[in-house]
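Atoms within a ligand are numbered from 1 in the order they appear, just like the ligands themselves.
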Amino acid sequence: MESPVNLRSDADRRIVPDDIVKELYQKMLGVFYLEERLKILTRQGKISFLASTRGHEKLQVGTVMLMKPRHDWFFPYYREKAIAYALGMPLKDIFLHMLSREGDPSSNGRNMPEHFSSRELNLVSQTACTGTQYLPAVGMAKALKKDGSDAIVYVSSGEGATSEGEFFEAVNWATREELPVLFVIQNNGYAISVPQNAQTTSEVHRIAAGFGLPSYHVDGTWYESIYQTLPPLIQRMREGGGLVFGRPDEIPK
Ligand SMILES: Cc1ncc(C[n+]2csc(CCOP(=O)(O)OP(=O)(O)O)c2C)c(N)n1
């Protein structure tokens, strides 16, 4: 049977060490089978909302692997159960949350599915309104910087949510104060039925440049590019250098 998980094998395996490739592959497979099961439960009417991570899971799992779980902070959006999974949220808790059951540690079944949160994992839920994760994420980064911590903050959304005012406020604030925030915009080309070209006349990875924030355009389905691009940026943020995004040849030394 053909593998359900594509690692873009040749290039990925040359650059990325074998143990990392294996861990990435195992975790992506875990997410794949999790999604398959959740799809069935949704069709059975047992889950009220499902946003598949299919095609996003390599970026999500692979980014967590390059960060420090339980030390760094995560403000994901609703299409990111692979973040919760890669951070180590137990499968039982993922299912309890998705099925809106009592005992769900995210919200005891009260919040909308796909809105994971966990105190131990430093994982914070957005609200059902898109874009609401951005300003609290920047506030968290400000608190971490004030405390002298080397922890950094991951915040993300699809390209559609970047049209919202909160995104611009957050990018401006984080850039102005050189806060350790990694903005990860997952551009799958569509915000429900709205294509990217109806969203902006610019390109999503160029928007932040207007605020003085260099942007990187990384192929999130190719782990080699993620593996080479993110670590120097993460390191720089940990050392107090604020936030950066840009092309690999622009990475500040
Ligand atoms: C403030 C607000 N406006 C609209 C919606 C309805 N809505 C939910 S998801 C979505 C599309 C978001 O697209 P994108 O940010 O590109 O993420 P994707 O689902 O493509 O990964 C919209 C418009 C919402 N939840 N909140």
Side-chain angles (χ1 to χ4, degrees), residues 5-6 28 31-32 34-36 38-39 42-43 47-64 74-87 94 97-98 100 106-107 110-117 123-139 153-174 181-208 210-211 213 215-223 225-226 245:
V5 173
N6 165 26
M28 286 173 67
V31 175
F32 176 86
L34 174 61
E35 294 281 14
E36 288 299 292
L38 292 172
K39 211 158 56 182
T42 305
R43 286 181 184 154
I47 289 177
S48 58
F49 176 70
L50 178 70
S52 171
T53 58
R54 193 62 47 81
H56 295 230
E57 66 276 67
K58 187 184 294 175
L59 170 80
Q60 295 174 14
V61 169
T63 301
V64 170
F74 292 81
F75 290 73
Y77 79 116
Y78 55 81
R79 195 179 296 291
E80 291 203 291
K81 69 175 74 62
I83 291 277
Y85 179 84
L87 282 173
I94 293 179
H97 174 65
M98 291 302 296
S100 307
S106 290
S107 64
R110 293 188 180 92
N111 205 350
M112 196 173 165
E114 303 282 12
H115 289 64
F116 298 97
S117 60
L123 174 62
V124 184
S125 168
Q126 66 169 143
T127 71
C129 304
T130 54
T132 55
Q133 64 277 33
Y134 277 116
L135 288 167
V138 176
V153 176
Y154 169 102
V155 67
S156 58
S157 74
E159 81 288 351
T162 63
S163 293
E164 297 183 63
E166 285 153 297
F167 172 72
F168 294 100
E169 290 173 43
V171 171
N172 186 47
W173 183 16
V181 189
L182 182 64
F183 289 86
V184 179
I185 310 305
Q186 298 173 38
N187 186 353
N188 54 25
Y190 285 89
I192 305 186
S193 53
V194 180
Q196 191 198 323
N197 61 10
Q199 201 73 244
T200 172
T201 51
S202 180
E203 289 174 69
V204 168
H205 64 279
R206 296 192 197 284
I207 292 175
F211 294 89
L213 173 66
S215 296
Y216 280 77
H217 186 203
V218 175
D219 183 345
T221 65
W222 187 19
Y223 197 56
S225 65
I226 300 167
F245 252 67

TODO: State whether a side-chain donor-acceptor pair under 3.5 Å links T53 with E35.
DONE: yes
Looking just at side-chain N and O atoms, do E80 and Y154 make a donor-acceptor pair shorter than 3.5 Å?
yes
E114 meets the salt bridge (charged side-chain N to carboxylate O under 4.0 Å, His left out) criterion, sequence neighbours left out, with K81
Ordered by chain then number, the protein residues lying under 4.0 Å from ligand 1 by heavy atom are Y77, Y78, R79, A128, C129, T130, G158, E159, G160, A161, E164, N188, Y190, A191, I192
Residues at least two apart in sequence or cross-chain that pass side-chain hydrogen bond (donor to acceptor under 3.5 Å, both in side chains) with Q196, listed by chain then number, are N187
task = Could you tell me whether the side chains of S157 and Q186 share a donor-acceptor contact shorter than 3.5 Å?
result = no
Residues at least two apart in sequence or cross-chain that pass salt bridge (charged side-chain N to carboxylate O under 4.0 Å, His left out) with E36, listed by chain then number, are K39, R54
